Every structure is written in C-alpha cells, then in structure tokens.
2 protein chains.
Amino acid sequence: MGGSEIRRNMPLFSIGIVMQLTDLSARQIRYYEEHELISPARTEGNKRLFSLNDIDKLLEIKDLIDQGVNMAGIKKIFNVKQESVISAEEKKQAEKTRRELSDSELRKLLRKELLQAGRFNRSTDRGDMSRFFH
Amino acid sequence: MGGSEIRRNMPLFSIGIVMQLTDLSARQIRYYEEHELISPARTEGNKRLFSLNDIDKLLEIKDLIDQGVNMAGIKKIFNVKQESVISAEEKKQAEKTRRELSDSELRKLLRKELLQAGRFNRSTDRGDMSRFFH
DNA sequence: TTTTCATGTGAGATAATCTAACATATGTTT
DNA sequence: AAACATATGTTAGATTATCTCACATGAAAA
C-alpha cells in the first residue's frame with residue numbers, strides 16, 4: 001500500500017463542507033455515523049473531521065439509499081466489500097509465500113518494493129471523490 | 001484548461017486545518033491575506049475557506065520567507081509567475097491561430113478535446129500539496 | 001393500526017474563528 | 001543611539017459553526 005492510503009484517510013473536512021460536497025444534511029451524516037457506516041475523526045473540541053474516504057463512503061451511501069437499501073443492507077454491503085479486500089490481500093500473501101523464493105529472489109523483490117514505495121497507487125474501486133481531485 | 005483548475009480552486013479547508021497542513025499560525029495566514037498574497041473565500045458567516053491552490057501558495061510563501069524574502073518581494077515573485085503563465089497562454093493561443101486550421105482539422109481537434117474533457121491534467125508548476133493527494 | 005425507519009427541527013452548550021488592538025523582537029533609517 | 005518598520009505573538013469580546021439531545025413527522029413495514 002502506498003502513502004496515498006494515508007492521504008485519503010487524513011481528516012480534513014468540516015461537516016459543513018461535506019454537506020455541500022455530498023448534498024446530505026447534517027442530520028443524515030450524523031445518523032449514518034450513529035449506525036457505524038462512517039467513523040469520522042474528531043478535533044480536540046469534538047468537532048467531526050472527515051477524510052476523502054469518508055466522503056466517498058457517504059456518496060456510496062447516498063447512491064444505495066436512492067436505490068432503496070436500508071442501513072442494515074448498506075452495512076452488510078460495506079462488510080462484504082471489506083472482506084473481499086481482505087481476502088484479496090490474503091490471496092496475494094498466500095501466492096507470495098507459496099512460491100518459496102530463493103534468497104536472491106527475495107532480496108531482489110524487496111529492493112524493488114522499496115524503490116516503488118513512494119509511488120502513487122490507487123485502490124481499485126474508488127468512490128466519486130475523484131471528481132474533486134486529480 | 002481542464003476541470004482540475006476548478007477543483008484546485010474549490011474552497012474546502014478551514015483555517016485550523018490549513019494551520020496544521022502548512023505549520024503556519026493563524027496570525028501569519030491572516031497577515032499574508034492582508035498583504036494580498038492569498039485571497040481565501042469566505043463562508044456566509046465570514047469564516048475563511050481555503051482551496052488547494054491557497055495552500056500551495058502558503059507553502060511557497062513559507063519557503064520564500066525562510067529564504068529571507070519579505071512581503072513585497074513575495075508579491076513581486078507571484079506577479080512575475082502569473083505573468084509568465086499568462087504569456088505562456090498567449091503563446092499557445094498565438095501558435096494555435098497561426099496554424100490556420102482547415103475546417104476538418106478543426107472539427108477533429110474539437111472532438112478530441114471533448115473526448116478528453118474528463119481526464120485529469122495538471123498545471124506544470126504545482127506547489128507541494130501534491131503530497132496530500134494522488 | 002401500531003411500530004419502525006429515516007429525517008426534520010429546535011434548544012442550549014461549546015468550539016472555532018473573526019476583527020481589532022496592543023506587545024515585542026529583529027532589522028533598518030536617520 | 002533613537003526612531004521606525006516589519007513580521008509575529010497575544011488577548012479580549014463578538015459571532016458562527018457545530019455538538020448532543022429531545023421531540024416531531026411522513027412513509028413503509030408489521
């Protein structure tokens with residue numbers, strides 16, 4: 001995972017901005033948090049701070065609600081997605097260890113990964129916030 | 001110019017977040033505004049709202065101040081930069097009209113531009129906010 | 001028809017930000 | 001040296017944005 005993961009999880013946006021960006025009411029956003037669909041960070045003074053990922057999720061929630069899905073359904077869908085990501089990770093991991101690398105192969109790989117550490121790579125299924133940034 | 005120009009000028013960030021992101025004090029940020037180095041937007045209730053471009057500029061200001069440049073100098077530098085951008089635009093424009101396109105060439109170009117309208121293209125000299133987004 | 005769900009709305013509290021004024025350290029003129 | 005200018009800190013008092021909690025409501029489900 002590249003450093004972009006960090007950036008997309010950085011708490012940056014006040015609820016007012018998120019309302020504009022998502023066209024959701026404060027009530028709705030707080031309600032979705034109450035149902036644990038999002039978990040925005042908080043300032044020292046308890047104000048919510050949302051990340052790009054939070055906003056993506058809110059846009060997904062909005063879509064699903066428009067399609068008639070309720071809280072429970074959305075939560076399930078998010079969990080399934082999350083699991084599929086995890087299992088993808090596991091597969092990758094399993095595949096990796098299965099290959100029984102020689103020491104030299106291993107060193108080569110390691111070096112390659114280090115060299116690519118700074119590069120930007122995106123998770124495959126992004127939300128719609130890509131509209132707002134390049 | 002692509003739609004990314006709009007995105008980079010979208011007022012999104014409160015002064016608190018900008019303080020964290022730039023490591024400048026509120027006093028400093030307001031002082032730079034007073035000297036017209038930045039012009040953040042305002043909410044209905046008069047709170048400042050900063051764009052990605054504003055933040056890039058603040059990081060540039062910080063650099064220049066570290067290098068001993070004063071307000072007047074920074075303002076000059078910004079103006080020169082702005083002019084160079086404008087003249088680049090003019091050059092591009094001049095080059096374009098000079099070519100005296102045929103109608104068919106023109107239609108082809110237009111279609112191409114329309115197809116690429118949604119793509120992400122960056123301005124050449126970005127600030128440092130690229131660290132925060134992909 | 002009750003209940004439940006998703007949202008609206010209002011009250012009262014508090015955090016974040018605003019402007020304006022004065023303080024201060026460092027560097028510049030006279 | 002004394003006076004001034006520049007960039008920033010700090011404080012005070014006012015106002016906005018957000019918070020939680022409670023109650024209201026329309027639509028859908030039971």
Side-chain angles (χ1 to χ4, degrees), chain A residues 10-79, chain B residues 10-79:
Chain A
M10 194 178 284
L12 292 174
F13 306 99
S14 70
I15 199 171
I17 290 296
V18 175
M19 290 171 63
Q20 291 183 202
L21 254 30
T22 61
D23 209 41
L24 293 167
S25 69
R27 184 65 164 94
Q28 287 177 298
I29 296 170
R30 296 192 190 114
Y31 186 71
Y32 304 151
E33 179 186 18
E34 196 176 334
H35 286 264
E36 300 177 285
L37 300 181
I38 51 171
S39 302
R42 299 286 182 131
T43 67
E44 229 172 85
N46 202 35
K47 263 75 180 155
R48 272 167 263 255
L49 277 186
F50 299 81
S51 68
L52 288 172
N53 277 334
D54 289 329
I55 295 175
D56 279 348
K57 266 192 175 173
L58 285 171
L59 291 170
E60 280 190 69
I61 292 170
K62 206 189 169 193
D63 266 17
L64 291 171
I65 285 197
D66 283 349
Q67 295 168 39
V69 184
N70 63 11
M71 295 297 106
I74 297 175
K75 192 181 287 190
K76 267 277 189 295
I77 290 168
F78 281 4
N79 283 342
Chain B
M10 193 178 284
L12 292 175
F13 306 99
S14 68
I15 198 171
I17 290 295
V18 175
M19 289 170 64
Q20 292 183 201
L21 254 31
T22 61
D23 208 41
L24 293 167
S25 70
R27 183 65 165 95
Q28 286 176 299
I29 295 170
R30 296 192 190 115
Y31 187 72
Y32 303 151
E33 180 186 18
E34 195 176 335
H35 286 263
E36 300 177 285
L37 299 181
I38 52 172
S39 302
R42 297 287 182 132
T43 67
E44 232 174 82
N46 202 35
K47 261 77 178 155
R48 271 167 264 253
L49 276 187
F50 300 82
S51 68
L52 288 171
N53 276 335
D54 289 328
I55 295 175
D56 279 347
K57 265 192 176 174
L58 286 171
L59 291 170
E60 281 190 68
I61 293 170
K62 205 188 168 194
D63 265 17
L64 291 170
I65 286 198
D66 283 350
Q67 294 168 39
V69 184
N70 64 10
M71 296 295 106
I74 296 175
K75 193 181 287 190
K76 267 280 190 290
I77 290 168
F78 280 4
N79 284 342

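Labels below follow one simple rule: chain letters A, B, ... track the order of the sequence lines, proteins then strands, and each chain is numbered from 1. Just so we're clear, the structure is a prediction, and the values are computed from it rather than from any experiment.
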Integer-rounded Å distance: dA16(C) P and F13(A) CZ: 18 Å
K47(A) side chain near R42(A) side chain, heavy-atom distance below 4.5 Å: no
4.5 Å side-chain heavy-atom contact, L12(B) and L21(A): yes
Spacing of I15(B) atom CD1 relative to dA15(C) atom P, expressed in whole Å: 19 Å
Nearest-Å distance for atom pair CD1/C1', residues I29(B) and dT8(D): 13 Å
Can you list, pair by pair, the side-chain donor-acceptor contacts under 3.5 Å of residues 67-76 of chain B, counting residues two or more places apart and other chains?
residue	atom	partner	partner atom	Å
N70(B)	OD1	A72(B)	N	3.4
N70(B)	OD1	G73(B)	N	2.9
K75(B)	NZ	H35(B)	O	3.4

Close side-chain approach of K62(A) to Q28(A), heavy-atom, < 4.5 Å: no
Pairwise side-chain contact, K57(A) with Y32(A), heavy-atom cut-off 4.5 Å (strictly under): no
If you restrict it to nitrogen or oxygen atoms, what contacts under 3.5 Å exist between nucleotides 3-7 of chain C and the protein, and what is each distance?
residue	atom	partner	partner atom	Å
dA6(C)	OP1	M71(A)	N	3.1
dA6(C)	OP2	Y31(A)	OH	3.1
dT7(C)	OP1	Q28(A)	NE2	3.0
dT7(C)	OP1	Y32(A)	OH	3.2
dT7(C)	OP2	Y32(A)	OH	2.9
dT7(C)	O4	R27(A)	NH2	2.9

For atom CD of E34(B) and atom C1' of dA20(C), their distance in whole Å: 11 Å
Inter-residue atom distance I29(A).CD1 - I15(A).CD1, 0.5 Å rounding: 4.5 Å
N or O in side chain of S14(A) less than 4.0 angstrom from dA17(D) OP1/OP2: no
Side chain D56(A), main chain N53(A), donor-acceptor under 3.5 Å: no
Spacing between L64(B) atom CG and dT6(D) atom P, to the nearest angstrom: 18 Å
Interface with DNA chain C, restricted to residues 40-48 of chain A and to heavy atoms under 4.0 Å: T43(A), G45(A), K47(A)
Residue among L64(B), D63(B), I65(B) satisfying side chain to side chain contact (heavy atoms under 4.5 Å, CB included) with I61(B): I65(B)
Rounded distance in Å - CZ (R30(B)) to P (dT17(C)): 9 Å
